[in-house]
Amino acid sequence: MPSHDVRNLLQCAVPTAAAGAVAVAVSGAVAGGKGALGAAVGTVLAILFMGIGLYVLQWTAKTLPQLFQAMGLMLYVAQLLLLLIFVALFRDTSAFNAKTFALSLVVTTVVWMAAQARAHMKARIFYVDPDSAKGEKPQRTGSPS
């Protein structure tokens with residue numbers, strides 16, 4: 001993974017992990033050990049899904065740039081649907097507090113998306129790849145005169 005991709009990933013994951021740590025602390029204080037466990041599972045799940053999605057989106061941008069926008073829209077819809085499915089699956093669990101799980105999942109997902117938007121706005125993205133223009137000579141087209 002190139003350094004700018006890792007930087008982008010860190011700019012999203014660090015605020016999300018911080019928000020998750022706050023969610024775990026608050027959930028632990030309010031709902032006890034099961035609340036903290038639910039918040040931790042929700043945070044890890046959000047970081048995992050969003051991190052994989054960011055990796056897939058960056059891969060698509062490099063290999064299939066013509067599909068980037070469509071893939072981004074499809075990816076976000078798929079991520080949100082999968083997270084909704086996880087909330088529905090763990091609604092009646094007794095392993096951890098389902099409310100803190102769902103709340104931390106939603107909060108960390110929103111934090112990730114906000115951090116990703118901020119990282120994209122602050123990124124310096126070239127419109128033209130400066131390395132591709134080096135060493136290329138103009139080609140003559142048409143018939144010789």
Side-chain angles (χ1 to χ4, degrees), residues 1-139 141:
M1 196 182 269
S3 65
H4 62 281
D5 292 345
V6 172
R7 188 177 329 117
N8 195 11
L9 181 65
L10 285 176
Q11 287 176 343
C12 297
V14 170
T16 305
V22 170
V24 168
V26 170
S27 297
V30 172
K34 285 193 174 194
L37 181 62
V41 170
T43 300
V44 168
L45 196 62
I47 290 173
L48 184 69
F49 273 15
M50 294 299 170
I52 291 171
L54 183 62
Y55 176 76
V56 168
L57 202 57
Q58 289 172 344
W59 177 82
T60 302
K62 286 178 184 58
T63 58
L64 303 166
Q66 68 274 15
L67 296 178
F68 180 70
Q69 185 176 11
M71 186 66 157
L73 291 172
M74 192 271 315
L75 186 66
Y76 286 129
V77 169
Q79 284 175 331
L80 293 176
L81 286 175
L82 282 172
L83 292 175
L84 181 66
I85 289 169
F86 270 92
V87 169
L89 284 175
F90 290 116
R91 179 180 46 198
D92 297 325
T93 188
S94 62
F96 50 79
N97 188 321
K99 287 183 182 181
T100 60
F101 165 74
L103 189 60
S104 69
L105 189 65
V106 169
V107 167
T108 52
T109 299
V110 169
V111 169
W112 180 284
M113 288 184 173
Q116 189 173 4
R118 182 181 182 277
H120 180 71
M121 294 300 289
K122 291 187 139 291
R124 294 181 179 163
I125 301 170
F126 289 118
Y127 290 100
V128 177
D129 187 11
D131 292 334
S132 67
K134 293 180 183 176
E136 288 184 12
K137 296 180 182 175
Q139 299 285 330
T141 59

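Note that these values count all heavy atoms, side chains included, but never hydrogens, waters or copies made by symmetry.
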| remark: Result for side chain to side chain contact (heavy atoms under 4.5 Å, CB included) between R118 and one of K122, M121, Q116 points to K122

| request: Quick one: closest heavy-atom pair of A115 and C12, and the distance? | output: CB-CA, 3.9 Å

| Roughly how far, to the nearest 0.5 Å, is the OG1 atom of T16 from the CE atom of M113? | 10.5 Å

| What is the distance from atom CD1 of I47 to atom CG of L105, rounded to the nearest 0.5 Å? | 11.0 Å

| said: So M50 and L83, do their side chains get closer than 4.5 Å, heavy atoms only? | reply: yes

| request: Check G38 against S104 and note the closest heavy-atom contact, atom names and distance. | output: O-OG, 3.8 Å

| message | Does the plane of the ring in F96 sit parallel, tilted or perpendicular to the ring in F90? Use 30° and 60° as the thresholds. | response | tilted

| How long is the gap from OH on Y55 to CG on L75, to the nearest 0.5 Å? | 13.5 Å

| If you round to the nearest 0.5 Å, how far is OH of Y76 from CG of L57? | 5.5 Å

| Closest approach of L9 and G51, non-hydrogen atoms and distance? | CD1-CA, 4.3 Å

| Test log, rule side chain to side chain contact (heavy atoms under 4.5 Å, CB included), inputs N8 and Q58 | CA-CA 10 Å; N8 195 11; Q58 289 172 344; 3.3 Å; yes

| request: For residues L80 and T109, determine if any side-chain heavy atom of one lies less than 4.5 Å from a side-chain heavy atom of the other. | output: yes

| query | Can you list every pair that meets side-chain hydrogen bond (donor to acceptor under 3.5 Å, both in side chains) and has a residue in residues 84-101, with sequence neighbours left out? | reply | none

| task | With rounding to the nearest 0.5 Å, note down the distance linking CG in L89 to CG in L84. | result | 9.5 Å

| query | Between T108 and A46, which heavy-atom pair has the shortest distance, and what is it? | reply | OG1-CB, 3.1 Å

| task | Give me the ring orientation class for F86 and F49: parallel if the planes are under 30° apart, tilted from 30 to 60°, perpendicular past 60°. | result | perpendicular

